Undergrad: 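Please see the structure below; I have some questions.
Chain letters run A, B, ... following the sequence lines, proteins first, then strands; residues in each count from 1. All values reported here derive from a predicted model rather than from experimental measurement.
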There are 2 protein chains.
Amino acid sequence: MKLTTKGRYAVTAMLDLAIHYGEGPITLADIAQRQGISLSYLEQLFSRLRKQALVSSVRGPGGGYSLGKEAREIFIGEVIAAVDENMDTTKCHGAHNCQNNERCLTHDLWSDLSDQIYTYLNNISLQDLMDRKAVREVAERQEHGEVDASVLDQVSSPAGV
Amino acid sequence: MKLTTKGRYAVTAMLDLAIHYGEGPITLADIAQRQGISLSYLEQLFSRLRKQALVSSVRGPGGGYSLGKEAREIFIGEVIAAVDENMDTTKCHGAHNCQNNERCLTHDLWSDLSDQIYTYLNNISLQDLMDRKAVREVAERQEHGEVDASVLDQVSSPAGV
DNA sequence: GAAATCTTGACTAATTTAGTTGGGAAAGTA
DNA sequence: TACTTTCCCAACTAAATTAGTCAAGATTTC
Ligand code: FES
Ligand code: FES
């Protein structure tokens, strides 16, 4: 199993897009600055996200990226898979052949663990994350430079949603 | 999060020890051969397992390793942690400071995921694994070179347990 | 046609993985 | 005592991966 900054950045960037949905296309430069991610690295990640239709793009001035479908329909597992991190924890990648072409002693353990992780991540959508208070807090800080807790109690829908 | 052959080998080797419990100390050479793991690599892993008292050792001819406590009391999570793979999936390792010394947008997501994995692995003991039919099948094959399915229905307790 | 933005591919330093190599130290056995 | 078996330990290494950078180009808007 791999879960590195690649996957974390992809989810973070997608969540940033979701939060700013309704403001028109969002540039990678904005995301890079808000989330503290290298712009060129983001470019690589969005290339993959676009191939999976998780985002759509518009070029030229005023352009940028938007979600490819509704935040409610994009699951964390998809995003991570799109940038190529696979959540499988078996050594054989499901083939039951990691020892001498036969099943090793612990295959089922890793297989079950993978199912757990897979199920967990595929049941959380970007919308679910946005609904969390802690996420709204951080988003607010990123917008204004500091946390304004009062805004958070209003369950303010971000402009246009 | 890291889950690589290091952690897998450690669990596999510990399970091998559990299966052969009651046969006296088991040599690393035996484990290496049965499980297809490099002997010197096993030595490194067992050095760590011993420091955590998960195994105890006897030197000299007839020596080898045994479980440090009962199979029922050794949990997979402990074994993986002992060889230094940490199941934490947050970037900040729990410190809430991965972006500019403040919490990033997705901290809680990874934190919750880590809890899931942690809980899962810490509720499965070596004994639980041994009780699985698939594990007994593989162990049987490793012993005799091929699977003898008839043995598996007798829930045969391995010699001396 | 200039500027903003996405798009692509090649390159790279640092780190990690999965080992190997080579030496010991302790214990049993003759 | 000598010999062998086992554990113990530390240093080294090839290959892969990570987290990027760099440079060039394609589209679109103004
Ligand atoms: S992990 Fe699938 S056979 Fe070993
Ligand atoms: S993962 Fe903890 S603050 Fe980002």
Undergrad: Categorize Thr5(A) for me: base, sugar-phosphate, or nothing, with a 4.0 angstrom heavy-atom threshold over every strand shown.
TA: sugar-phosphate
Undergrad: Hey, does the side-chain of Glu43(B) have a donor or acceptor N/O within less than 3.5 Å of a partner on the base of dC8(D)?
TA: yes
Undergrad: For Tyr41(A) and Tyr9(A), take the angle between the two ring planes, folded into 0 to 90°, and tell me which bin it lands in: parallel under 30, tilted 30 to 60, perpendicular over 60.
TA: perpendicular
Undergrad: I want to check one thing: is the phosphate of dT6(D), taken as OP1 and OP2, less than 4.0 Å away from some side-chain N or O of Tyr65(B)?
TA: no
Undergrad: Heavy atoms only, 4.0 Å cut-off, all strands: where does Phe46(A) land among base, sugar-phosphate and nothing?
TA: nothing
Undergrad: Can you check whether any acceptor in the base of dT18(D) is under 3.5 Å from a donor in the side chain of Glu85(A), or vice versa?
TA: no
Undergrad: Could you give the CZ-to-P distance, from Arg59(B) to dA27(C), as a whole number of Å?
TA: 6 Å
Undergrad: Return the value, rounded to whole Å, for the distance between atom CG of Leu3(B) and atom P of dA18(C).
TA: 10 Å
Undergrad: Could you please name the option among dT20(C), dC7(D), dT17(C) that lies closest to any side-chain atom of Lys6(B)?
TA: dT17(C)
Undergrad: Hey, what do you get for CG (Leu3(B)) to OG1 (Thr89(B)), rounding to the nearest 0.5 Å?
TA: 12.5 Å
Undergrad: May I have the distance from Tyr9(B) (atom OH) to dA18(C) (atom C1'), rounded to whole angstrom?
TA: 8 Å
Undergrad: Starting at atom CZ of Arg48(B), determine the distance to atom P of dA18(C), rounded to an integer number of angstrom.
TA: 13 Å
Undergrad: Using whole Å, what does the distance between atom C1' of nucleotide dT8(C) and atom NZ of Lys51(A) come to?
TA: 8 Å
Undergrad: Return the 5'-most residue of the pair Ser38(A), Thr27(B) with respect to DNA chain D, ranking by each residue's nearest nucleotide.
TA: Thr27(B)
Undergrad: Checking Asp108(A) against Ser111(A): is there a side-chain donor and acceptor pair closer than 3.5 Å?
TA: no
Undergrad: Could you tell me how far apart Arg8(B) (CZ) and dG19(C) (P) are, to the nearest whole angstrom?
TA: 11 Å
Undergrad: From OH of Tyr41(A) over to P of dT12(C), roughly how many Å is that when rounded to an integer?
TA: 18 Å
Undergrad: Specify the residue among Gly60(A) and Ser47(A) whose closest nucleotide of DNA chain C lies further upstream toward the 5′ end.
TA: Gly60(A)
Undergrad: Could you list the residues that satisfy salt bridge (charged side-chain N to carboxylate O under 4.0 Å, His left out) with Arg50(B), not counting sequence neighbours?
TA: none
Undergrad: Check this one for me: any side-chain N or O of Arg50(A) less than 4.0 Å away from OP1 or OP2 of dT7(C)?
TA: yes
Undergrad: At 4.0 Å (heavy atoms only), tell me whether Ile26(B) reaches a base, stays on the sugar-phosphate, or touches nothing.
TA: sugar-phosphate
Undergrad: Quickly work out the Gln44(B) CD to dC8(D) P distance and round it to whole Å.
TA: 14 Å
Undergrad: Looking at dA19(D), dA18(C), dC7(D), which one has an atom nearest to any side-chain atom of Thr4(B)?
TA: dA18(C)
Undergrad: Cut-off 3.5 Å, side chains only: do Asp112(B) and Gln116(B) have a donor facing an acceptor?
TA: no
